[in-house]
Amino acid sequence: MCLGIETSCDETALALVRNGKLIDSVLASQASVHALFGGVVPELASREHYRFLGALYDELARRQDLCSRPPDLIAVARGPGLLGSLLVGVGFAKALALGWGAAFVGVNHLHAHLLAAGLSSPIIWPAIGLLASGGHTQLYLMRSPSCFIQLGRTMDDAAGEAFDKTGKLLGFDYPAGREIDACAAIGSPGQWQLPRSLMEEDSLDFSFSGLKAACAREIDQAGLQGAARDPARSSRLHDFCACINEAIAETMRVKLERAIQKHPEARSVILAGGVAANSLVRDFVGEAAMRHGLEFMAPEKKLCVDNAAMIAFAGWLLHQEGHGHMLDLETIPRGRAVPDDFAS
Ligand code: KG4
Ligand code: ZN
């Protein structure tokens with residue numbers, strides 16, 4: 001049994017996985033705390049993790065009687081993420097591993113997002129992994145749970161950042177992706193020509209800062225600032241949301257198809273991260289995978305956003321491969337690559 005702990009951004013979460021199956025989970029979201037500021041405030045996030053983690057653990061321990069049946073393995077998100085937030089979770093995980101004499105493994109939060117697809121059905125290796133979250137947009141060739149080769153990444157903003165910052169101008173609460181998606185479902189694209197960046201041949205990297213700037217300009221010109229706060233939301237707002245959805249989904253599709261062509265050994269496509277909950281992104285990426293004869297896998301929607309089930313499951317997979325860490329495990333802030341430094 002593996003206990004997973006996630007505190008890399010603004011969700012405090014714990015989950016239990018036994019033999020690769022999710023048993024139970026607890027989660028406290030800080031979204032409403034950060035919504036007041038229109039984005040995650042790192043210092044506040046660390047304090048909130050510190051405030052909630054013990055109580056959440058107590059709840060899980062009570063429900064699953066962990067005192068008499070402690071987990072054999074503790075898995076923790078070690079990065080990339082907000083350093084102060086990660087330190088809260090990693091410190092807690094080390095204490096549990098030490099106290100129980102349990103095995104210990106630090107998990108790459110980004111890899112865990114993609115590996116979470118395996119909670120629904122076994123992953124078909126090798127896979128092309130497309131991860132789109134609030135902080136990252138990455139393409140990988142996934143050879144095994146511990147062998148991810150990065151094929152591309154965003155050069156500036158993540159796809160989720162483009163959704164969230166544009167959403168803020170439109171008057172949606174943070175994080176805005178889900179609401180933009182819902183509005184787009186009743187709008188139609190085509191009215192605004194929004195840019196798709198880095199489309200030139202061969203590049204597997206992404207860039208969304210141009211889209212973010214173009215959206216700000218168009219919102220200004222069309223007088224759509226704060227339009228989402230109007231109780232009678234206009235059809236122009238819905239249409240604009242449909243255009244953003246389409247620009248991002250199409251960019252994902254083009255890059256994915258290019259990655260598939262470059263890596264014919266891939267047998268499946270995995271889409272994950274908060275933006276994978278987007279209906280159009282899911283449709284476009286899923287259709288592209290199937291057109292190329294590849295299996296399409298994505299974690300169920302509630303496991304696309306940050307959660308601890310993905311950490312527990314990834315930790316369990318790594319442990320199955322014989323990987324683990326000592327208690328000197330280092331925590332990796334955003335912007336630094338997570339090293340391959342397994343102790344075994
Ligand atoms: O993976 P995640 O929970 O956190 C990070 O690790 O960043 O992703 C959060 C991101 C936010 O930017 C949020 O707006 C976006 O995922 N998101 C969506 C949808 N649901 C969440 N974006 C577009 N459409 C959605 N349905
Ligand atoms: Zn995440």
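In listed order, ligands and their atoms are each counted from 1. From a predicted model like this one, the values you see are computed outputs, not experimental measurements.
Numbered from 1 in the order shown, with element, the atoms of ligand 1 that lie under 4.0 Å from a heavy atom of His109 read 6 (O). Against a heavy-atom cut-off of under 4.0 Å, Val305 is close to the following atoms of ligand 1: 3 (O). Within ligand 1, the atoms closer than 4.0 Å to a non-hydrogen atom of Ser133 are 1 (O), 5 (C), 6 (O), 7 (O), 8 (O), numbered from 1 in the order shown. Proximity to Gly160 (heavy-atom distance under 4.0 Å) selects the following atoms of ligand 1: 12 (O). Close contacts of ligand 1 with Pro175, meaning ligand atoms under 4.0 Å from a residue heavy atom, involve 13 (C), 14 (O).
Of the protein's non-hydrogen atoms, the one nearest atom 22 (N) of ligand 1 is Gly177 CA, 3.4 Å. Scanning all protein heavy atoms for the shortest distance to atom 24 (N) of ligand 1 gives Asn278 ND2, 3.0 Å. Considering only non-hydrogen protein atoms, atom 17 (N) of ligand 1 sits nearest to Gly274 O, 3.4 Å. Annotation: atom 10 (C) of ligand 1 to nearest protein heavy atom, Gly134 N, 3.5 Å. At the top of the distance list for atom 12 (O) of ligand 1, counting protein heavy atoms only, stands Asp164 OD2, 2.6 Å. Nearest non-hydrogen protein atom to atom 6 (O) of ligand 1 is Asp306 OD1, 3.1 Å.
Ion pair Asp24/Arg63 flagged as a salt bridge, since at least one NZ, NE, NH1 or NH2 atom sits closer than 4.0 Å to an Asp/Glu carboxylate oxygen. Using a 4.0 Å cut-off between charged nitrogen and carboxylate oxygen, Lys262 and Glu257 do not count as a salt-bridge pair. Salt-bridge annotation for Arg78 and Asp341: present, with a side-chain N of the basic residue lying under 4.0 Å from a carboxylate O of the acidic one. Using a 4.0 Å cut-off between charged side-chain N and carboxylate O, Arg253 and Glu246 make no salt bridge. Ion pair Arg267/Glu295 not flagged as a salt bridge, since none of the NZ, NE, NH1 or NH2 atoms sits closer than 4.0 Å to an Asp/Glu carboxylate oxygen.
For residue Cys9, no N/O/S atom approaches the Zn ion (ligand 2) to within less than 2.8 Å. Here His136 fails the criterion, with no N, O or S atom under 2.8 Å of the Zn ion (ligand 2).
Using a 4.0 Å cut-off between heavy atoms, His136 makes no contact with ligand 1 at all. Only side-chain heavy atoms of Asp181 come within less than 4.0 Å of ligand 1; its backbone N, CA, C and O stay farther off.
A distance of 6.0 Å or more separates the ring centres of His323 and His319.
In the hydrophobic clustering of this structure, Leu44 does not group with Leu27; members are Ile, Leu, Val, Met, Phe, Trp, Tyr whose side-chain heavy atoms approach within less than 4.5 Å, directly or through other members.
In this structure, Asn307 contributes its side chain and Val305 its backbone to a donor-acceptor pair below 3.5 Å.
Contact annotation: the side chain of His136 never approaches that of Arg153 to less than 4.5 Å [non-hydrogen atoms, C-beta and beyond].
Residue Gly135 has at least one nitrogen or oxygen atom sitting less than 3.5 Å from a nitrogen or oxygen atom of ligand 1, judged on distance alone.
Counting just the N/O/S atoms of Asp306, the one with the shortest distance to the Zn ion (ligand 2) is named OD1.
Here atom 19 (C) of ligand 1 lies nearest to Arg178 when heavy atoms of Glu161, Glu11, Arg178, Lys301 are compared.
Heavy-atom separations between His113 and ligand 1 include at least one value shorter than 4.0 Å.
In the displayed structure, Met199 atom CE is contacted under 6.0 Å by more than 12 heavy atoms of other residues, nucleotides or ligands. Atom CZ of Arg258 has more than 12 neighbouring heavy atoms from other residues, nucleotides or ligands inside a 6.0 Å radius.
A donor atom on one side chain and an acceptor atom on the other are not found under 3.5 Å apart for Ser32 and Gln30.
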